[in-house]
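To find a chain, count down the sequence lines: A is the first, B the second, and so on, and within it residues start at 1.
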There are 2 protein chains.
Amino acid sequence: MRKQPQQKRSREMVRALVDATALCIQRHGLDDTTTARIAEQAGVSVGSLYQYFGDKSALIEALMDRLAEDIAGGLRRLPLMAVNDLNEMVHRSILFGFSVLRSRDGLYLELVRNWHRLPTHRMVDLLQQHFMELSRLYFLRHYRDYPIENLEVRVFIVTNSVLFTMVRHVSQGDLIGEQALARELTRMVAGYLAEPPETAAP
Amino acid sequence: MRKQPQQKRSREMVRALVDATALCIQRHGLDDTTTARIAEQAGVSVGSLYQYFGDKSALIEALMDRLAEDIAGGLRRLPLMAVNDLNEMVHRSILFGFSVLRSRDGLYLELVRNWHRLPTHRMVDLLQQHFMELSRLYFLRHYRDYPIENLEVRVFIVTNSVLFTMVRHVSQGDLIGEQALARELTRMVAGYLAEPPETAAP
DNA sequence: CGTTAATGCGAATATCTATTCGCGTTCAAT
DNA sequence: ATTGAACGCGAATAGATATTCGCATTAACG
């Protein structure tokens with residue numbers, strides 16, 4: 001941020017600008033999210049935008065940071081540890097993922113679609129990190145039932161599989177019901193995570 | 001295509017332009033693939049480009065079509081039907097996927113990264129279609145061993161999971177070995193596809 | 001109040017890129 | 001060889017968008 005807003009008026013403007021950015025992206029798509037539009041939407045001028053954000057991407061990063069916190073909060077609020085059944089735990093996580101992705105009127109969708117030219121990495125990596133910690137805790141607690149060794153790899157595969165399958169599903173006309181998709185994804189993921197490590201049965 | 005090239009010289013130019021497009025994308029990335037650069041690379045002028053391609057995207061579509069044929073050809077050449085072991089069959093498919101994705105010096109990677117603003121749909125859908133047909137044949141032949149009902153959903157999930165997990169893997173610094181990834185992906189996918197339909201065991 | 005620093009403005013500027021168009025060149029058929 | 005059509009050229013045009021800068025307005029504080 002180029003300058004720290006010191007007065008109340010300007011702090012509100014910074015806030016309004018980030019809000020406006022989100023609104024523009026979800027309404028017009030990332031490509032048509034111009035500095036002019038953002039400023040107009042926020043009810044300020046382009047010049048003011050550059051008072052507090054070095055450039056356009058700084059503004060978008062500010063938005064991403066806020067969203068990342070939102071997601072982290074929601075994830076922490078899920079009491080997944082208490083769910084003993086792996087299948088159930090996975091299913092809840094997937095449903096949470098769907099709800100995030102569908103929230104905010106397609107904002108997340110547009111962001112994930114453009115993930116390669118945005119600091120979406122932050123969010124995806126964050127999600128993955130959270131799932132990783134969560135998984136570590138979960139499988140530590142339930143080690144007796146599910147003794148996994150290569151958790152890193154498995155969580156990597158699983159989060160990407162779920163995330164992008166959901167993205168593809170939602171960003172296409174859904175020829176497949178969301179119910180069915182969530183159910184089947186759960187089956188695949190839970191089945192995979194439950195598989196014991198490499199040991200040939202006699 | 002705006003006009004049909006009638007003379008040998010112009011047919012070669014069209015070919016050179018498509019080649020140049022591929023080269024630009026793989027060398028400089030999609031964002032820096034300008035008409036000027038393409039023309040320069042092809043050794044012709046911008047104006048000539050517009051003789052045969054209505055606009056820039058028409059040129060890219062021509063490239064995509066050619067690539068799609070390449071992939072389809074390679075896929076058809078794989079003798080997967082003969083592979084009786086599901087695990088083996090899946091593994092070979094995944095390795096094929098990796099090889100395609102890594103081929104042509106990152107061209108495919110750049111395209112898949114930008115899939116939302118390209119007719120990549122064509123390719124992804126094509127791949128998915130091919131896998132679908134292939135799966136239909138495969139599971140028809142091996143119905144005794146793997147009686148699957150909801151093949152559509154399963155193949156949708158599986159293709160997207162594999163494709164985008166691979167993309168994420170290759171487009172990041174690979175913290176995970178490709179070997180391990182291929183092995184684990186295979187385990188997940190084959191395990192899932194082998195699961196019997198919904199019937200509670202006694 | 002009055003002064004000053006912070007804030008806000010938006011037309012003007014800089015840059016980048018797709019696309020066009022008028023003119024010169026080459027091809028192919030007679 | 002001649003001629004008309006196809007071809008090829010690239011400077012000029014058009015359109016879009018990020019970023020700046022000099023001036024106007026507002027808040028803070030004595």
Side-chain angles (χ1 to χ4, degrees), chain A residues 1-64 110-111 114 117-119, chain B residues 1-64 110-111 114 117-119:
Chain A
M1 197 169 288
R2 171 169 292 185
K3 190 166 39 166
Q4 281 306 315
Q6 305 188 352
Q7 302 176 358
K8 186 181 167 195
R9 186 173 45 143
S10 52
R11 274 193 302 273
E12 277 169 2
M13 195 189 65
V14 167
R15 200 176 131 57
L17 279 169
V18 177
D19 288 344
T21 305
L23 208 62
C24 277
I25 292 175
Q26 86 190 215
R27 283 219 191 133
H28 310 290
L30 188 67
D31 287 327
D32 293 332
T33 294
T34 63
T35 49
R37 233 177 191 152
I38 293 171
E40 187 195 353
Q41 178 63 244
V44 302
S45 85
V46 238
S48 303
L49 190 158
Y50 284 90
Q51 288 277 318
Y52 301 100
F53 298 96
D55 55 19
K56 190 182 165 182
S57 75
L59 187 50
I60 292 181
E61 281 191 30
L63 171 62
M64 305 291 282
E110 181 66 10
L111 293 177
N114 293 277
R117 53 173 175 165
L118 284 176
Chain B
M1 198 169 287
R2 170 170 292 185
K3 190 165 44 165
Q4 282 305 315
Q6 304 189 353
Q7 302 175 359
K8 185 181 169 196
R9 184 173 47 141
S10 51
R11 274 194 301 275
E12 277 169 3
M13 196 190 64
V14 166
R15 197 175 134 58
L17 279 169
V18 176
D19 288 344
T21 305
L23 208 62
C24 276
I25 292 175
Q26 87 190 212
R27 282 219 192 137
H28 309 289
L30 187 67
D31 287 327
D32 293 332
T33 295
T34 63
T35 50
R37 228 173 195 156
I38 294 171
E40 188 194 352
Q41 178 65 243
V44 301
S45 85
V46 238
S48 303
L49 190 158
Y50 284 91
Q51 288 276 318
Y52 302 100
F53 298 96
D55 54 20
K56 190 182 164 184
S57 75
L59 187 49
I60 293 180
E61 282 190 31
L63 171 61
M64 304 291 283
E110 182 66 11
L111 293 176
N114 294 277
R117 52 174 175 163
L118 285 176

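Heavy atoms only, all atoms of each residue included: D32(B) and R37(B) are closest at O-NH1, 3.1 Å. Between Y52(A) and K3(A), the shortest heavy-atom contact is CD2-O, 3.2 Å.
Regarding L49(A), its CG atom lies at a distance of 16 Å from the P atom of dC21(D), rounded to whole Å. At whole-Å resolution of the value, CD in E40(A) and C1' in dT17(D) are 15 Å apart. Summarising the geometry, the separation between CG on L30(B) and P on dT17(C) is reported as 12 Å, rounded to the nearest angstrom. Per the geometry, CD belonging to E12(A) stands 16 Å off C1' belonging to dA6(C), to the nearest Å. Whole-Å rounding puts the D31(B) CG to dT17(C) P distance at 10 Å. Atom CG in D55(A) sits roughly 10 Å away from atom C1' in dT19(D) (whole-Å rounding). Taking atom CZ on R15(A) and atom P on dT7(C), their separation rounds to 18 Å, with Å as the unit.
As judged by a 4.0 angstrom heavy-atom cut-off over every strand, Y52(B) is placed among residues touching the sugar-phosphate backbone only. Contact annotation for Q51(B): base contact, defined as any heavy-atom pair under 4.0 Å involving a base atom. Base engagement by T35(B) is indicated by at least one non-hydrogen atom pair under 4.0 Å involving a base atom.
At least one donor-acceptor pair closer than 3.5 Å links the side chain of T33(A) to the backbone N or O of G29(A).
Between S48(A) and dT7(C) there is no side-chain N or O to OP1 or OP2 distance below 4.0 Å. Residue Y50(B) places none of its side-chain N or O atoms closer than 4.0 Å to OP1 or OP2 of dG10(D). At least one side-chain nitrogen or oxygen of R2(B) sits closer than 4.0 Å to the OP1 or OP2 atom of dT20(C). A close approach under 4.0 Å does occur between a side-chain nitrogen or oxygen of S45(B) and OP1 or OP2 of dC9(D). Distances shown here put a side-chain N or O of R9(B) below 4.0 Å from the OP1 or OP2 atom of dG8(D).
The side chain of K3(B) has dC7(D) as its nearest neighbour among dC9(C), dA18(C), dC7(D). Of the candidate nucleotides dA27(D), dT17(D), dC9(D), dA27(D) has the atom lying nearest to any side-chain atom of Q7(A).
Ion pairing between a basic and an acidic side chain is recognised when a charged N comes within 4.0 Å of a carboxylate O; D55(B) and R2(B) show no such pairing.
Checking M13(B) against K8(A), the closest nucleotide of DNA chain D that is more toward the 5' end is the one next to M13(B). Between R11(A) and S57(B), the one whose closest nucleotide on DNA chain C sits nearer the 5' end is R11(A).
By the neighbour-count criterion of 12 heavy atoms within 6.0 Å, atom CZ of R15(A) is sparsely surrounded, having that number or fewer from other residues, nucleotides or ligands.
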